[in-house]
Number of protein chains: 2
Amino acid sequence: MNINEIAELAGVSRATVSRYLNDGYVSEEKRAAIRKVIEDTGYRPSQQARNLRSKVTKLVGVIIPEIESGSVSQMVSGISEVLSVKDYQLLLADTRNNTRAELKYLRIFEKNQVDGIIFMGTMLSREHLHLMEEVEVPIVVTAQEIRQYSCVFQDDYHAAYDAAKMLTKKGRHIAYIGEPAKDKAAGKARKSGFLDAMADAGIRMDRSCMYETELCMQGGYEKAAKIWKTHPEVDSLFCATDSLAVGALRYFHEHDIQVPQQVQIVAFGDTEIGSAVSPAISSVHFYHKTMGQEAARMLVEILESGDDLKKHLKMGYQIVKKESLR
Amino acid sequence: MNINEIAELAGVSRATVSRYLNDGYVSEEKRAAIRKVIEDTGYRPSQQARNLRSKVTKLVGVIIPEIESGSVSQMVSGISEVLSVKDYQLLLADTRNNTRAELKYLRIFEKNQVDGIIFMGTMLSREHLHLMEEVEVPIVVTAQEIRQYSCVFQDDYHAAYDAAKMLTKKGRHIAYIGEPAKDKAAGKARKSGFLDAMADAGIRMDRSCMYETELCMQGGYEKAAKIWKTHPEVDSLFCATDSLAVGALRYFHEHDIQVPQQVQIVAFGDTEIGSAVSPAISSVHFYHKTMGQEAARMLVEILESGDDLKKHLKMGYQIVKKESLR
DNA sequence: CTGTTAGCGCATTCAC
DNA sequence: GTGAATGCGCTAACAG
């Protein structure tokens with residue numbers, strides 16, 4: 001069933017059917033005739049032929065580090081919501097935190113496969129930027145700020161700075177458990193924010209009170225153990241994620257270290273897990289879903305207007321105080 | 001840059017370039033010439049033209065109820081992993097638990113838009129089945145068993161039956177907090193499994209000890225309050241999700257009800273949140289990611305072999321005993 | 001408002 | 001092995 005048959009059955013030319021399907025510009029009679037035939041036959045225009053002809057696919061490629069992460073899936077949810085309203089479809093590329101895979105998908109999307117790309121990268125190298133140059137469709141970058149592209153990102157640096165500052169109000173001996181700062185932009189920003197806050201508060205950080213780990217709860221537990229075995233005087237803990245904090249909290253429970261009396265904690269994510277435990281973990285709240293929506297809106301706007309203004313949108317955050325802070 | 005220009009630059013016909021790009025059947029010299037031109041120009045064949053011509057898109061549509069759910073995103077991760085190895089791309093359709101949207105996406109995918117569909121539905125109505133009949137590409141159904149389709153699903157009924165049975169070993173007064181059973185297949189199966197286990201154990205369920213709620217932690221808290229205010233004698237709680245259990249646990253903590261001494265708990269999901277709390281929640285573990293992989297493998301096999309054998313794969317589960325059981 | 005005419009870029013016969 | 005010819009199904013001028 002193709003446009004020719006529909007045209008024949010409706011007694012019009014196929015151009016008229018095409019117009020019916022697109023802009024309009026068809027008389028009422030013919031419109032009715034065509035509608036009837038289409039309904040009777042259940043005809044649906046071939047997307048592929050349209051794509052070939054019109055060079056638009058109504059597809060947006062979304063490259064993400066890993067869908068299993070709560071923040072990523074929230075963001076994808078926001079993207080999906082906006083795209084579906086705007087009649088775009090979402091081509092998902094999960095790189096599994098693999099930099100090579102990011103490049104691979106950029107290349108796959110490169111030419112006339114998608115109309116645009118939303119790229120949530122881990123850590124963008126020169127190679128990335130070089131490849132992105134060559135990509136012919138607009139790219140919106142999320143989760144980090146890249147001058148040459150439109151992007152939507154959260155202010156990890158200042159969030160970390162502010163969170164750390166809260167610890168210094170009623171704490172002097174501060175420990176840090178983070179994510180690997182070398183391969184994640186957010187991890188790096190949180191670490192710098194933390195360190196700068198310490199410096200500004202005149203606190204000298206002892207390297208043996210700072211750890212990084214990829215594991216979540218278990219990593220938090222283990223690093224807390226390392227720190228408190230050698231530094232029982234530490235009275236405040238900064239964790240780059242709620243899961244790390246929950247792991248550390250378990251260590252404190254098991255060793256009768258009172259939270260927040262003996263140790264206060266602040267973390268990132270404001271996730272369900274952080275408020276499931278007792279005391280609930282004070283945590284930086286980000287707006288992942290909104291970020292996704294904004295990124296999608298930005299891309300759609302570029303697509304519809306035809307020019308890329310390179311907007312940079314820095315999203316706010318909120319430090320949600322709960323029981324883990326003194 | 002298209003195949004004609006490549007052919008001209010390489011001094012061959014475009015049919016030869018096409019052969020080079022596909023099966024082979026090209027002499028070594030021409031092969032080398034073509035390769036060189038392609039490398040120099042950075043030519044990439046147009047996917048759209050290929051699609052139109054060959055009727056395959058190398059796209060798989062994945063319809064899910066909501067990406068933000070942990071189990072769903074794990075499953076999508078499994079699907080994505082297998083598809084990427086097999087050189088398929090993933091077109092994601094998030095229906096936001098909206099039945100109409102499921103139908104909409106089935107229709108969008110219906111004709112020559114994707115090569116196949118993985119459909120994770122909420123509750124399949126006659127209308128769904130009717131529409132699925134009309135879809136011309138193979139469909140693999142997940143999360144529930146539908147006779148007419150290949151499917152991968154978990155055994156919620158027996159998992160619930162077994163979990164409930166564990167409660168009856170050391171409990172006589174049992175309460176139930178579930179998800180709405182009317183619009184989710186899993187919710188329904190868990191409820192039946194629970195009820196049948198009760199019946200087999202000769203326990204008469206009081207309706208005032210059974211509640212359903214859509215909310216997570218807060219719903220668990222509220223329903224637990226309702227139950228224990230009127231039925232303080234209840235000594236066991238069955239929750240359809242870990243989050244519900246964690247909410248209930250908070251109520252128990254606040255009211256000095258000892259877990260598991262006074263109330264034992266079993267739940268579903270074996271999620272991070274269930275083991276973050278203390279006592280850790282005993283929970284049914286499912287294999288979402290593996291399910292996703294299996295579903296994708298099943299679909300790819302149908303696509304590659306060309307015939308749909310309608311396999312039904314029921315995945316196992318495991319009840320992970322933790323501190324919340326007596 | 002409508003029909004005719006040309007391709008979009010590629011894969012696939014079919015002769016050679 | 002190779003090239004010429006054909007058309008996948010549709011949209012976009014263009015002339016009427």
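Just so you know, these numbers use all the heavy atoms, side chains as well, and skip hydrogens, waters and symmetry mates. Residue numbers begin at 1 in each chain, while the letters A, B, ... track the order of the sequences.
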Rounded distance (Å) that lies between atom C1' of dC10(C) and atom CD of Q48(A): 13 Å

d(CD1, I34(A); C1', dC1(C)) in whole Å: 12 Å

Rounded distance in Å - CG (N4(B)) to C1' (dA4(D)): 12 Å

Cationic N near anionic O, under 4.0 Å, K86(A) to E301(A): no

Phosphate OP1/OP2 of dC8(D): any N2(A) side-chain N/O under 4.0 Å: no

Atom-pair distance (CG on N22(A); P on dC1(C)), nearest Å: 17 Å

Partner of F109(B) by side chain to side chain contact (heavy atoms under 4.5 Å, CB included), out of L91(B), V62(B), V60(B): L91(B)

Listing time: all N or O pairs from protein to nucleotides 2-6 of chain C that are below 3.5 Å?
| residue | atom | partner | partner atom | Å |
| --- | --- | --- | --- | --- |
| dT2(C) | OP1 | S27(A) | OG | 2.5 |
| dT2(C) | OP2 | S27(A) | N | 2.7 |
| dG3(C) | OP1 | K30(A) | NZ | 3.2 |
| dG3(C) | OP2 | S13(A) | N | 3.1 |
| dG3(C) | OP2 | S13(A) | OG | 3.3 |
| dG3(C) | OP2 | T16(A) | OG1 | 2.6 |
| dG3(C) | N7 | R19(A) | NH2 | 3.0 |
| dG3(C) | O6 | R19(A) | NH2 | 2.5 |
| dA6(C) | N6 | R14(A) | NH2 | 2.6 |

Interatomic distance where CG belongs to N51(B) and C1' belongs to dC10(C) [whole Å]: 10 Å

Test side chain to side chain contact (heavy atoms under 4.5 Å, CB included) applied to L103(B) and Y105(B), step by step: CA-CA 5 Å; L103(B) 300 171; Y105(B) 283 116; over 6 Å; no

Spacing of L52(A) atom CG relative to dA12(D) atom P, expressed in whole Å: 12 Å

Partner set under side chain to side chain contact (heavy atoms under 4.5 Å, CB included) for K30(A), not counting sequence neighbours: V12(A), V26(A), S27(A)

Pair K36(B) + E39(B), salt bridge at N-O below 4.0 Å: no

Atom-to-atom span, CZ of R31(A) to P of dC1(C) - whole angstrom: 9 Å

salt_bridge(R100(B), E127(B)) N-O dist < 4.0 Å: yes

Trace of the side-chain hydrogen bond (donor to acceptor under 3.5 Å, both in side chains) decision for E8(B) with N4(B): CA-CA 6 Å; E8(B) 198 161 344; N4(B) 285 304; over 6 Å; no

Phosphate contact (dA11(C) OP1 or OP2) by Y20(B) side-chain N/O below 4.0 Å: no

For atom CD of Q113(A) and atom P of dC8(C), their distance in whole Å: 20 Å

Phosphate OP1/OP2 of dT11(D) contacted by R50(A) side-chain N/O (<4.0 Å): yes

Short side-chain N/O contact from K55(B) to OP1 or OP2 of dA11(C), under 4.0 Å: no

